[in-house]
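Working notes for the structure below.
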2 protein chains.
Amino acid sequence: MAQKPSIPKGTRDFSPEEVAKRNYIFNTIQTEFKGFGFQPIETPSFENSSTLMGKYGDEGDRLIFKILNSGDFLKKADKDALANSDSLKLTSSISEKALRYDLTVPFARYVVQHQNEIEFPFKRYQIQPVWRADRPQKGRFREFFQCDADVVGSNSLWQEVEFVQLYDAVFNKLGLEGVTIKINNRKVLSGFAEVIGEQDKLIDFTVALDKLDKIGEEGVKKEMREKGISEEALNKIQPIFNLNGNFAEKIEGLKTILEGSETGQKGIEELQFIQNAIEEMPLSVAKLDLDVTLARGLNYYTGAIFEVAAPENVKMGSIGGGGRYDDLTGIFGLKDMSGIGISFGLDRIYLVLEELGLFPATVTENTKVLFINFGEKEALYAMKAVKRLREENIIAELYPDSAKMGKQMKYADKRSIPYVVLAGEEEINDKKFTLKHMKSGEQSNLDFNGLSGALK
Amino acid sequence: MAQKPSIPKGTRDFSPEEVAKRNYIFNTIQTEFKGFGFQPIETPSFENSSTLMGKYGDEGDRLIFKILNSGDFLKKADKDALANSDSLKLTSSISEKALRYDLTVPFARYVVQHQNEIEFPFKRYQIQPVWRADRPQKGRFREFFQCDADVVGSNSLWQEVEFVQLYDAVFNKLGLEGVTIKINNRKVLSGFAEVIGEQDKLIDFTVALDKLDKIGEEGVKKEMREKGISEEALNKIQPIFNLNGNFAEKIEGLKTILEGSETGQKGIEELQFIQNAIEEMPLSVAKLDLDVTLARGLNYYTGAIFEVAAPENVKMGSIGGGGRYDDLTGIFGLKDMSGIGISFGLDRIYLVLEELGLFPATVTENTKVLFINFGEKEALYAMKAVKRLREENIIAELYPDSAKMGKQMKYADKRSIPYVVLAGEEEINDKKFTLKHMKSGEQSNLDFNGLSGALK
């Protein structure tokens with residue numbers, strides 16, 4: 001019996017329409033990446049396990065897909081681990097390679113490995129799939145694309161400015177208005193912890209603060225208390241909850257809150273620089289907003305932190321994010337290489353564009369005209385025209401079999417091909433083509449130039 | 001100690017220049033695929049092992065990369081296999097997924113799984129990486145891209161014609177002249193075996209014949225004798241070795257040789273149909289040639305067999321191939337679905353274009369102009385111009401740091417950026433820009449429109 005085919009959970013097949021729409025987003029992002037001077041690199045789908053393991057925390061290690069060694073892999077297997085049925089311990093002895101988990105660690109590896117071929121600052125982009133053994137759920141997949149742009153080798157704040165502009169340029173090209181680029185700075189968060197005297201609880205503090213829009217002020221305070229943050233400290237940070245107004249007003253509020261923290265003041269300066277530059281060069285469709293509760297990637301971000309929110313009328317998590325990290329390549333032995341990068345969330349951007357009807361109709365257009373096949377002689381006449389049309393960049397096809405007319409018309413209809421050409425003996429004798437518009441049923445009798453003109 | 005980074009053997013990092021060149025080939029192929037009415041699909045990088053195993057022979061099964069189950073995989077491990085240290089037997093109990101080995105089997109799986117959403121004949125293309133645990137060697141990699149176009153759901157010979165035209169169109173666009181599209185037909189090979197009375201030795205016979213250009217007539221005969229093919233049979237096939245001349249002349253020769261075989265005559269008819277059509281619609285740069293020794297993919301090809309040879313002045317194996325298979329989807333339970341497909345060998349085409357210097361210079365062009373950074377105020381002035389240039393699709397960058405002039409100029413030089421802009425206090429006051437051509441050293445003082453015009 002033939003098996004009933006299926007695909008692994010958390011993975012997807014993409015139909016022609018889906019591929020076309022995805023490619024539209026990829027191409028738009030890629031064009032802007034290039035336009036901003038980023039250069040593409042690609043890295044292998046699997047890396048040596050030692051390159052990936054230990055870079056994403058224990059949870060990450062667990063979610064990395066491991067590739068079984070080829071051949072008689074048990075020969076080198078860890079005998080103790082086998083005896084103790086210790087899967088975790090056994091893994092490294094029967095698997096030396098693992099699938100890419102993100103694009104950042106392979107990028108760091110690339111930079112270190114190829115440092116002598118690279119001119120720094122190095123602006124690279126990379127659009128490739130990554131794999132995670134996460135429990136699949138709505139909108140979370142085991143294989144998905146990341147679209148990253150990073151610069152390494154400079155700590156200039158102009159790069160932060162440029163990434164804000166890059167987000168804006170992409171969303172502008174996609175016709176997506178109302179996006180909010182939220183920005184924060186790790187130094188501001190450190191400043192908070194400093195002024196309340198809880199430096200050692202920075203992560204607990206910021207993780208709680210990050211939940212403000214989900215669990216509200218009281219919820220945040222409750223979580224902070226549970227983490228052992230004192231009432232005195234909570235009183236001191238009260239002004240954080242009262243920060244509002246526009247970017248400049250929030251900055252003023254921050255200045256007061258962070259008065260006692262040098263680090264905090266540095267963070268404010270950086271935010272101000274970016275805000276000033278963007279004011280001088282206004283964004284097209286996106287809005288830049290300061291969100292001091294934003295606390296993603298605190299394990300590695302050291303300066304700016306970005307997160308992009310979809311337009312308010314669409315219910316969707318963040319559609320992008322990024323930040324500055326001061327020591328990306330240190331893990332591979334290259335020190336003092338400051339970097340900053342952002343990422344676009346392809347799958348969510350897709351859903352947003354779909355929901356708002358923003359995919360241009362041209363994206364999924366393909367074959368423009370189908371030539372009906374009336375038999376060998378007619379088919380040759382048709383194929384000659386098909387060939388010439390293709391040379392003029394008009395997508396044309398001949399129905400391969402001289403099937404019943406109805407079947408061929410139905411095929412054109414189902415595939416949303418807008419025109420068919422009927423060319424039988426009469427047309428051949430007159431060197432003409434009968435062009436029929438599928439929707440209106442209108443027909444016209446044309447020579448080749450007329451046909452080609454009508455289809456352009 | 002930080003580890004010295006490396007990548008798994010048989011895999012590759014691609015530099016910006018390499019990615020650009022590869023994308024040039026991908027885009028050219030893709031444009032023609034689309035132009036011929038093929039639609040893109042994508043399938044997951046890993047499939048259920050049951051989808052892939054047993055489809056490529058024992059050797060193929062061995063070369064498929066298996067993914068280790070996540071979590072405590074030993075729990076479900078085959079105890080007997082463990083006790084006997086039987087890696088092969090153990091595999092299926094600790095690995096349920098495997099990396100794609102080619103694009104054909106996943107395509108067949110896709111067609112069967114989505115048959116109710118597809119209009120047949122279904123013309124699809126697919127450009128994705130595949131993975132094989134082959135011993136890496138020069139030009140053979142463990143991860144490489146395949147570029148496939150297939151049609152399923154019709155056995156019309158117009159499709160054979162179209163694929164010949166498709167090859168020609170792609171090589172024409174790539175500027176690659178002198179390619180030979182070799183064609184044969186499985187039915188002709190069956191006919192040979194039939195007329196010499198060795199039907200049961202078809203594979204041995206054709207495998208030997210396929211080596212004619214490598215080991216010569218005597219070598220082929222020697223191998224055939226070793227495989228038990230009789231002297232009488234060898235005498236009967238002598239005319240095969242004497243076949244020469246152009247396509248039509250070879251066809252005439254074949255007609256005599258295959259006089260007694262109905263299957264063989266059918267094969268000749270098919271070849272003639274294709275040849276006639278191509279004569280009516282001449283190819284642009286490629287040559288269609290009949291090669292009766294061509295015997296690739298005999299396990300699945302049932303009609304036409306294609307192989308594309310690089311121009312004679314380049315030493316390179318085949319740069320493409322394909323053929324017709326009458327039962328692609330049968331393995332997944334969908335019978336009577338004739339298909340035909342071709343593939344482009346990206347890596348080899350890359351090497352051929354490189355060797356012949358056929359990559360257009362524009363392919364690797366990127367940033368057009370670098371603005372020198374003289375400090376914060378000047379940088380803002382520069383960034384405003386950079387932003388406007390980008391909006392006019394001119395790739396412009398600001399050097400992020402106000403480093404020493406020499407360092408910035410060296411950066412432009414190393415990155416082959418053709419122009420730099422110098423804009424200091426004087427230029428700012430005059431609302432001008434000093435544009436310098438890196439190679440000639442020529443400078444001109446321009447307003448923004450002049451600058452933008454000069455860079456277009």
Side-chain angles (χ1 to χ4, degrees), chain A residues 2-3 5 7-8 11 13-16 19 35 37 39-48 50-51 65-68 70 72-74 85 87 95 97 109-110 112-113 119 121 129 133 143 154 156 158-159 280-281 331-333 366-367 379-380 384 387 390 395 397-398 400-401 411 414-415, chain B residues 2-3 5 7-8 11 13-16 19 35 37 39-48 50-51 65-68 70 72-74 85 87 95 97 109-110 112-113 119 121 129 133 143 154 156 158-159 280-281 331-333 366-367 379-380 384 387 390 395 397-398 400-401 411 414-415:
Chain A
Q3 57 201 116
I7 53 177
T11 67
D13 279 331
F14 295 108
S15 70
V19 173
Q39 298 183 285
I41 68 160
E42 290 182 6
T43 61
S45 295
F46 47 73
E47 296 270 352
N48 292 321
S50 56
T51 299
F65 279 112
K66 286 95 184 170
I67 294 174
L68 192 59
S70 299
D72 189 7
F73 58 86
L74 280 174
S85 293
S87 295
S95 161
K97 293 182 286 289
R109 194 266 310 144
Y110 180 98
V112 176
Q113 191 174 333
E119 294 309 312
E143 173 174 37
S154 162
S156 162
W158 287 110
Q159 294 169 337
E280 289 277 349
M281 296 174 282
I331 40 171
F332 297 112
N366 43 66
T367 298
L380 177 61
K384 286 182 177 178
K387 183 169 188 281
R390 285 174 180 167
I395 307 186
E397 285 183 65
L398 165 71
D401 304 288
Y411 179 77
K414 289 265 185 184
R415 280 197 51 205
Chain B
Q3 57 201 117
I7 52 176
T11 68
D13 279 331
F14 295 107
S15 69
V19 173
Q39 298 184 285
I41 68 160
E42 290 182 6
T43 62
S45 294
F46 47 74
E47 296 270 351
N48 292 321
S50 56
T51 300
F65 278 112
K66 286 96 184 170
I67 294 174
L68 193 58
S70 298
D72 189 7
F73 57 87
L74 280 174
S85 293
S87 295
S95 161
K97 293 182 286 290
R109 194 265 310 144
Y110 180 97
V112 176
Q113 192 174 332
E119 293 310 311
E143 172 175 37
S154 161
S156 162
W158 287 110
Q159 295 170 338
E280 289 277 349
M281 296 174 281
I331 40 171
F332 297 113
N366 44 67
T367 298
L380 178 60
K384 287 182 176 177
K387 183 169 187 281
R390 285 175 180 166
I395 307 186
E397 285 182 65
L398 165 71
D401 304 288
Y411 179 78
K414 289 266 185 180
R415 280 197 51 205

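To find a chain, count down the sequence lines: A is the first, B the second, and so on, and within it residues start at 1. Since we're looking at a predicted model, the values are computed, not measured.
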* Asked: Among all residues two or more places apart in sequence or in another chain, which pass the ring pair (Phe, Tyr, Trp, His ring centres under 6.0 Å) test with Phe73(A)?
  ->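 In terms of ring pair (Phe, Tyr, Trp, His ring centres under 6.0 Å), with neighbours along the sequence ignored, Phe73(A) is linked to no residue.
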
* To do: Can you sort out the partners of Phe14(B) under ring pair (Phe, Tyr, Trp, His ring centres under 6.0 Å), two or more places apart, ordered by chain and number?
  =>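 So Phe14(B) forms no ring pair (Phe, Tyr, Trp, His ring centres under 6.0 Å) with any residue.
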
* Count the heavy-atom pairs under 4.5 Å between each of Thr367(A), Thr43(A), Asp401(A) and chain B, then report the option with the highest count. =>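 Among the listed options, the one with the most contacts to chain B is Asp401(A).
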
* Residue, of Asn366(A), Thr11(A), Ile7(A), that accumulates the most heavy atom pairs under 4.5 Å with chain B ->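 Top option by heavy-atom pairs under 4.5 Å: Ile7(A).
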
* **Closest non-hydrogen atom pair, Ile67(B) against Phe65(A)** =>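 Reported closest heavy-atom pair: CG2-CD2, 3.7 Å.
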
Count the heavy-atom pairs under 4.5 Å between each of [options] and chain A, then report the option with the highest count.
options                                  : answer
Pro129(B), Ser85(B), Pro121(B), Ser15(B) : Pro121(B)
Pro8(B), Gly37(B), Ser156(B)             : Pro8(B)
Arg390(B), Lys387(B), Glu119(B)          : Arg390(B)
Val19(B), Leu74(B), Asp13(B), Leu68(B)   : Asp13(B)

* Asked: Quick one: what part of Lys384(B) sits under 4.5 Å from any heavy atom of chain A, side chain, backbone, both or neither?
  ->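 Both backbone and side chain of Lys384(B) come within 4.5 Å of chain A.
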
* For Glu42(B), is it the side chain, the backbone, both or neither that has a heavy atom under 4.5 Å from a heavy atom of chain A? ->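 Both parts, heavy atoms under 4.5 Å.
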
* **Under 4.5 Å from any heavy atom of chain B - which part of Gln113(A)** =>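 Both backbone and side chain.
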
* Asked: Side chain, backbone, both or neither: which part of Lys66(A) has a heavy atom under 4.5 Å from chain B?
  ->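 For Lys66(A), backbone and side chain are both near chain B.
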
* Measure the spacing between CD of Gln159(B) and CG of Leu398(A) and express it to the nearest 0.5 Å. =>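 Between Gln159(B) CD and Leu398(A) CG, I get 9.5 Å after rounding to 0.5 Å.
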
* Asked: Under 3.5 Å, side chain of Glu143(A) to main-chain N/O of Ser45(B), donor-acceptor pair present?
  ->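 Checked: pair present.
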
